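Please read the structure below before turning to the comments.
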Amino acid sequence: MNFKQIISEKLNQALSQQVSSEKLAQLIEKPKDLAKGDYAFPTFTLAKQFRQAPQQIAADMAKKLNTDGFEKIEAVGPYINFFIQRDQFTSRIIKQILTEADFGKNQEGAGKNIVIDLSSPNIAKPMSMGHLRSTVIGEAISKIAQANGYHTIKINFLGDWGTQFGLMIASYKRWGNDQVINANPVDELVKLYVRINNEAQTQPELKDEGRRWFKKLEDGDPEATKLWSWFKEVSLKEFQTIYDRLGVTFDSMNGESFYNDKMDAVVQLLADKDLLTKSQGAEIVDLPKLLPDANFPIAMIKRSDGATQYITRDLASAIYRQDHYHFDKALYVVGAEQKDHFEQMKAILRLAGDGWADDIEHIGFGLITMNGKKMSTRKGNIVPLVDVLDAAHKLAAEQIAKKNPNLQNAEQIAEEVGTGAVIFNDLQNDRNLAIDFNLEDIVQFEGDTGPYVQYTHVRAMSILRKADQSVDSTQEIGLVDNEAWGIVSKLSEYGSAIQRAWQLREPSIIAKYLLNLAREFNSYYANTKILVADKNLNSRLALVQSVADVLASGLKLLGVAAPDKM
RNA sequence: GCGGAAGUGGCUCAACUGGAUAGAGCAUCGGAGUUCUAAUCCGCAGGUUGUGGGUUCGAGUCCCACCUUCCGCACCA
């Protein structure tokens with residue numbers, strides 16, 4: 001029984017059940033300002049129904065409401081404000097946090113599978129800031145889903161197939177050097193890729209050479225296969241170091257090449273359902289004709305040269321994933337610019353009669369640009385993710401050297417703080433906001449940042465270490481003091497933040513929640529001496545422990561480390 | 001042209017999905033150090049929420065029109 005229910009029951013009785021408690025519950029809100037109360041009920045809609053001034057209704061009802069379970073209930077203008085009994089509530093919340101390992105989490109998704117497509121870099125290209133977004137958002141959503149009881153399957157749909165690899169092979173055959181490549185694999189492969197694209201502008205025959213090599217690759221030519229495998233191997237090795245730094249793991253690394261032998265089945269399926277049309281030598285699904293109201297462009301299934309397209313591979317993978325994982329939801333964490341692509345894909349699956357098409361969700365995110373322009377490997381204006389992580393690490397190490405020179409494991413903690421800053425920075429805003437790349441913004445450690453939250457956790461842990469006693473959660477934990485109410489109130493909202501973050505597929509809700517909680521705690525910390533041997537010491541320590549627990553738990557949901565010292 | 005996302009203090013973003021005086025962080029300015037870590041805290045200043053209409057008790061939020069920016073619209077992925 002939560003407060004909204006309790007309050008709506010009370011209101012329902014005060015109104016002699018003329019309005020259902022469900023309706024009343026919907027109207028209840030939380031005032032922005034705690035001084036106005038913990039919950040509030042606006043009477044405007046009732047004013048209309050009963051043809052009375054809202055102020056009057058509020059005043060009349062406030063008199064009729066019994067205050068059981070509340071410190072006070074008062075009418076202020078057209079609002080009825082409810083104040084929770086703070087000591088009882090504090091005690092309950094803090095004991096929950098200290099004794100329940102999964103405080104704030106729920107089991108709504110028990111027994112359900114969520115497939116999440118994330119990261120998906122192209123092999124032989126460096127991971128860039130764009131891949132960071134997909135990786136970090138996907139990872140956070142996965143953990144948030146788990147916190148809501150779901151079972152998740154994370155898939156890294158590697159871009160490891162396509163004409164570009166024919167071009168790479170062609171370029172390698174002309175200019176490649178094993179020693180140089182082995183010394184710095186992805187960098188050198190990119191150079192080869194950029195070079196052949198540039199030279200192809202004046203020598204178009206190079207493109208044909210690339211296509212020929214890709215055809216050989218598709219036909220299983222030993223030399224082509226060997227080179228492709230090598231490119232893939234060195235790329236994956238390099239990717240892995242980044243995934244390790246970000247703390248991200250995958251349940252499947254089946255990339256596009258994995259679906260190579262499953263394409264014919266998709267084409268056949270579409271043909272059987274009468275969805276395929278020939279147009280200008282290509283095989284397409286004529287969506288404008290099939291769904292005239294939907295405003296889709298056509299979907300190309302096979303190019304005029306017989307090669308399959310992106311959407312064909314995505315259709316194959318979607319079908320495979322449904323067959324294998326029986327997902328309740330399949331989330332694709334892919335840039336917002338691909339919205340239409342996923343809408344098309346779903347439309348085709350629906351036309352093919354797959355009822356689960358509606359369980360596919362595209363989780364888009366805003367484009368990262370550089371100086372307002374789209375980044376492109378071919379044009380050479382990308383920011384490798386490693387560089388950003390390294391810059392953040394270096395800055396964190398400098399801060400530690402300055403502020404805490406005796407810190408043990410300084411290197412490891414510099415890494416946790418540095419990557420923490422990068423990850424948090426990416427997650428703290430609404431995911432579909434576009435971002436113009438700015439290194440200074442990313443490696444900020446002050447104000448609304450990851451390190452701010454980490455530091456708050458460190459402060460709490462430091463107090464607990466210095467305390468002569470450990471927290472006794474069996475002892476009565478009373479109202480700590482009025483200044484602490486803001487913290488307790490925030491702590492109690494952790495569960496709803498987790499729910500909302502999942503419903504909206506929005507990690508920023510957790511990030512913002514953590515910033516608010518950290519701010520409340522830091523403010524309290526500045527005004528209240530915690531380690532004082534009085535009768536409330538245990539209560540205060542319990543509060544500090546609760547804050548530390550929730551901060552650590554929330555940071556973990558975002559994939560950010562919560563060190564004890566920094 | 002059609003479709004999508006966005007427009008809120010100098011900058012980056014909030015606003016519990018229609019509620020009370022639009023809140024934070026950066027930057028600026030002024031304070032707080034023998035103290036539980038100052039990666040912190042407190043304060044001043046800064047706003048006609050792109051423009052114009054509409055809906056209603058009430059609009060940053062919903063509807064219509066327009067303006068600006070970014071993205072997408074078949075042989076790249």
Side-chain angles (χ1 to χ4, degrees), chain A residues 27 29-33 36 40 42-45 47-48 53-54 76-79 81 120 122 159 161-164 256 279-286 294-305 307 309-311 313-314 334-341 343-344 364 366-367 369 372-374 378 396 399-400 402-404 417 421 428-430 432-436 438 440-441 444-449 451-456 458-467 493 496-497 500 504 508-509 512 515-516 518-519 522-532 544 565-566:
Chain A
L27 294 170
E29 52 194 58
K30 299 197 92 175
K32 289 168 191 164
D33 182 2
K36 294 195 177 89
T43 56
F44 302 103
T45 43
K48 209 172 195 178
V76 178
Y79 289 88
N81 293 336
S120 311
N122 294 319
W161 205 247
T163 326
Q164 48 177 330
E256 295 184 47
S279 170
Q280 298 172 29
E283 304 244 22
I284 64 160
V285 178
D286 195 346
N295 198 19
F296 283 120
I298 67 108
M300 181 172 298
I301 301 300
K302 260 188 165 180
R303 294 198 313 230
S304 46
D305 65 3
Q309 284 289 93
Y310 183 37
I311 195 157
R313 277 172 276 219
D314 263 350
V334 180
E337 68 273 15
Q338 293 192 39
K339 182 176 189 291
D340 291 352
H341 164 79
E343 289 303 322
Q344 275 190 65
L367 198 66
T369 53
K373 294 260 160 43
K374 221 181 147 173
R378 252 177 313 151
Q399 291 291 312
I400 289 169
K402 205 167 14 170
K403 293 169 196 282
N404 198 352
V417 172
Q428 69 177 314
N429 290 328
D430 202 322
N432 65 16
L433 282 175
I435 299 174
D436 198 50
N438 181 343
E440 280 176 31
D441 284 352
Q444 259 293 323
F445 294 168
E446 287 168 18
D448 283 354
T449 64
Y452 173 78
V453 179
Q454 289 175 318
Y455 178 69
T456 310
V458 163
R459 279 185 141 177
M461 293 309 286
S462 175
I463 293 174
L464 296 169
R465 269 197 308 274
K466 295 241 159 105
E493 290 168 19
S496 52
R500 240 170 79 82
L504 300 177
S508 70
I509 291 186
K512 295 223 167 80
L515 287 170
N516 287 330
R519 232 193 317 276
N522 280 322
S523 181
Y524 178 74
Y525 178 99
N527 292 314
T528 312
K529 178 90 178 154
I530 290 156
L531 292 178
V532 181
V544 173
K565 298 180 184 175
M566 67 190 258

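By convention in this document, chain letters (A, B, ...) are assigned in the order of the sequence lines, proteins followed by strands, and residues within each chain are numbered from 1. Predicted, not measured: the structure shown is a model, and the values here were computed from it.
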Of the options [options], whose atoms approach the side-chain atoms of [X] most closely?
X	options	value
A:T45	B:C75, B:A20, B:G19	B:G19
A:K30	B:C16, B:A77, B:A20	B:C16
A:S304	B:A39, B:C75, B:G72	B:C75
A:Q280	B:G25, B:C13, B:A74	B:A74
A:I463	B:C36, B:A77, B:C71	B:C36
A:R500	B:U40, B:C36, B:U17	B:U17
A:I298	B:A77, B:C13, B:A74	B:A74
A:N295	B:G3, B:A20, B:C76	B:G3
A:I284	B:A74, B:G19, B:U40	B:A74
A:K512	B:A14, B:C76, B:A20	B:A14

Take the protein atom [atom1] of [X] and the nucleotide atom [atom2] of [N], then report the distance between them rounded to whole Å.
X	N	atom1	atom2	answer
A:N527	B:G43	CG	C1'	13 Å
A:Y525	B:A32	OH	P	19 Å
A:M300	B:A77	CE	C1'	14 Å
A:E337	B:A6	CD	C1'	15 Å
A:L433	B:U8	CG	P	11 Å
A:I509	B:U17	CD1	C1'	11 Å
A:D441	B:C11	CG	C1'	9 Å
A:D430	B:C70	CG	C1'	15 Å

Remember a base hit wins even if backbone is also touched, and classify [X] as base, sugar-phosphate or nothing at under 4.0 Å, heavy atoms.
X	answer
A:E493	nothing
A:R519	sugar-phosphate
A:K302	nothing
A:K374	sugar-phosphate
A:P78	nothing
A:L367	sugar-phosphate

Partner nucleotide of [N] by Watson-Crick or wobble geometry (both distances under 3.5 Å):
N	answer
B:A65	B:U51
B:G46	none
B:A39	none
B:C73	B:G1
B:A59	none

Taking the same atom, [atom1], in [N] and in [M], what whole-Å distance lies between them?
N	M	atom1	result
B:G9	B:C66	P	24 Å
B:A15	B:G7	P	11 Å
B:U40	B:G58	C1'	40 Å
B:U35	B:G60	C1'	44 Å
B:C62	B:C26	C1'	33 Å
B:G30	B:A24	P	22 Å
B:A22	B:G47	C1'	8 Å
B:U69	B:U51	C1'	16 Å

Side chains of [X] and [Y], heavy atoms from C-beta outward: is any pair under 4.5 Å?
X	Y	answer
A:Y310	A:Q338	yes
A:M300	A:I311	no
A:T456	A:Y525	no
A:R303	A:T163	yes

**Q.** Flag if over 12 foreign heavy atoms under 6.0 Å of NZ, A:K565
**A.** no
**Q.** Residue whose closest nucleotide on RNA chain B lies nearer the 5' end, A:K339 versus A:K373
**A.** A:K339
Q. Between A:P451 and A:S523, which has a closest nucleotide on RNA chain B that is more 5'?
A. A:P451
Q: Please evaluate the base of B:A20 for a donor-acceptor partner in the side chain of A:N81 within a cut-off of under 3.5 Å?
A: yes
Q. Is there a donor N/O on one and an acceptor N/O on the other, under 3.5 Å, for the side chain of A:T449 and the base of B:A39?
A. no
**Q.** Lys/Arg N to Asp/Glu carboxylate O, A:D448 vs A:R519, below 4.0 Å
**A.** yes
Q. Can a donor-acceptor pair be found between the side chains of A:N429 and A:S508 at a distance below 3.5 Å?
A. no
Q. Do any N or O atoms from the side chain of A:T43 and from the backbone of A:P78 form a donor-acceptor pair under 3.5 angstrom?
A. yes
(Q) Using the six-membered base ring of B:A39, report whether A:Y452 stacks on it, requiring centroids under 5.5 Å and planes under 30° apart. (A) no
Q. Within the stacking criterion (centroid distance below 5.5 Å, interplanar angle below 30°), does A:Y79 stack on B:A20?
A. yes
Q.
Checking understanding here: a glycosidic angle within 90° of 0 is syn, the rest anti, so what is B:U12?
A. anti
Q. Taking the six-membered ring for Trp, are A:Y79 and A:F44 parallel (under 30°), tilted (30 to 60°) or perpendicular (over 60°)?
A. perpendicular
